[in-house]
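Quantities reported herein were computed from a predicted structural model and do not represent experimental measurements. Convention: sequence-line order gives letters A, B, ...; per-chain numbering from 1.
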There are 2 protein chains.
Amino acid sequence: MRLRNKQWAKPLILAHPEMILVRPEKMQGHWQSRFDQARPLYLEVGSGKGQFIVEMAKTHPDRNFIALELQEAAVAMILKKQVALKLPNLQLVLGDGADLTDYFSEGEIDGLFLNFSDPWPKTRHEKRRLTYRDFLRQYQAIMKPDALLQFKTDNQGLFEYSLVSMNHFGMTFDLVSLNLHHDKRVTDNVPTEYEEKFSADGGRIYELVAHFKH
Amino acid sequence: MRLRNKQWAKPLILAHPEMILVRPEKMQGHWQSRFDQARPLYLEVGSGKGQFIVEMAKTHPDRNFIALELQEAAVAMILKKQVALKLPNLQLVLGDGADLTDYFSEGEIDGLFLNFSDPWPKTRHEKRRLTYRDFLRQYQAIMKPDALLQFKTDNQGLFEYSLVSMNHFGMTFDLVSLNLHHDKRVTDNVPTEYEEKFSADGGRIYELVAHFKH
């Protein structure tokens, strides 16, 4: 969702170049040097206010995480949390999911998260959906072949579309859950802000985990 | 679901060899000769009481249909309807979905329906699910490469399983619907007996349409 602009966002971002990048291209192939040590590297495309990625970084100290977010106001809210937490395994990026192959080199990413992406329900906006084939092609380029893509949404239409799109792309499904919060197979779900509210209202959450290797 | 045995079933079946086969192996490769004329050939595996296949045969006079059912009591109920209707494009078979490659020759089938198959929820019964890979291999053998398999269920676990199983088998998805009766893309759904009752109670129906060709 679109957030109101925040006057404090830009100054905060400029004050913390050690935590957030606004020109991520320059790190292509060298992302591990942004962390205190090299660890398997996980990327979230569209982090929103960051509840998911911050919680993941806390609970998985053996992994490095990158939160990518297009909105300055949103990424600044993640940064505010990180300024307080100083998690050594979390880096933020103000950037565009359409430019991933400029930001990362081939096979640099060990896992990728898409959480509650904009559904873009109109057919003429199909190309903007983060599970459209052009995006999948970019994920494939930057991910290791057996790395997992984890996709969550509450939007039925987007989930139906994504199952077909990922199947057509030749991806291999690892898990399909049509009601994630009542799925006995999934015991380690980390909810986003939106997911907590939506699910508390009784809505269903869908999840697809898949990889590119055949 | 399992029906009570009916004493009239066997005599009725034996009295109508022109409508129902109990030794379908002998028709392998020659199914069109069972109909008044050759038409594209559609098979339902597990027809139950036959509401779906009878309605399909009525509304699609340009296609031939075969209703395959393992239970004598169930197939006899379809036969009772067919004795009254005498649809020229419907044939019944008392037989087993596990023996399809004995009944049909390669590419003989132009479309296949699986409706509300037994979910067999226990992991140790996976091999009995009609979307298990051994069944898919048989469907692939008897279907034309671009023929569509249409699978409907109300069982969430079976649908999740089937999405993964068909994806792993290399099938190409044509349609995924997570709420068939409220799906604007689907205007020609023919419900089964069970589907009508279940949906009237507010339950969701899932549908997957897919084919084997890449």
Separation between CD of A:E207 and CD of B:E160, rounded to the nearest 0.5 Å: 10.5 Å
More than 12 heavy atoms of other groups within 6.0 Å of B:K213 NZ: no
Chain B contact via A:Y161 - which portion, at a heavy-atom distance below 4.5 Å: neither
Within 6.0 angstrom of B:E55 CD, more than 12 heavy atoms from elsewhere: yes
Greater than 12 external heavy atoms within 6.0 Å of B:K197's NZ: no
Residues of residues 116-155 of chain B contacting chain A, heavy-atom criterion under 4.5 Å, by residue number: none
B:D99 atom CG, neighbour heavy-atom count above 12 within 6.0 Å: yes
Any residue of residues 167-189 of chain A which, by heavy atoms, sits under 4.5 Å from chain B: A:N167, A:H168, A:M171, A:T172, A:F173, A:V176, A:S177, A:L178, A:N179, A:D183, A:R185
Other residues, nucleotides, ligands: >12 heavy atoms within 6.0 Å of A:E106 CD: no
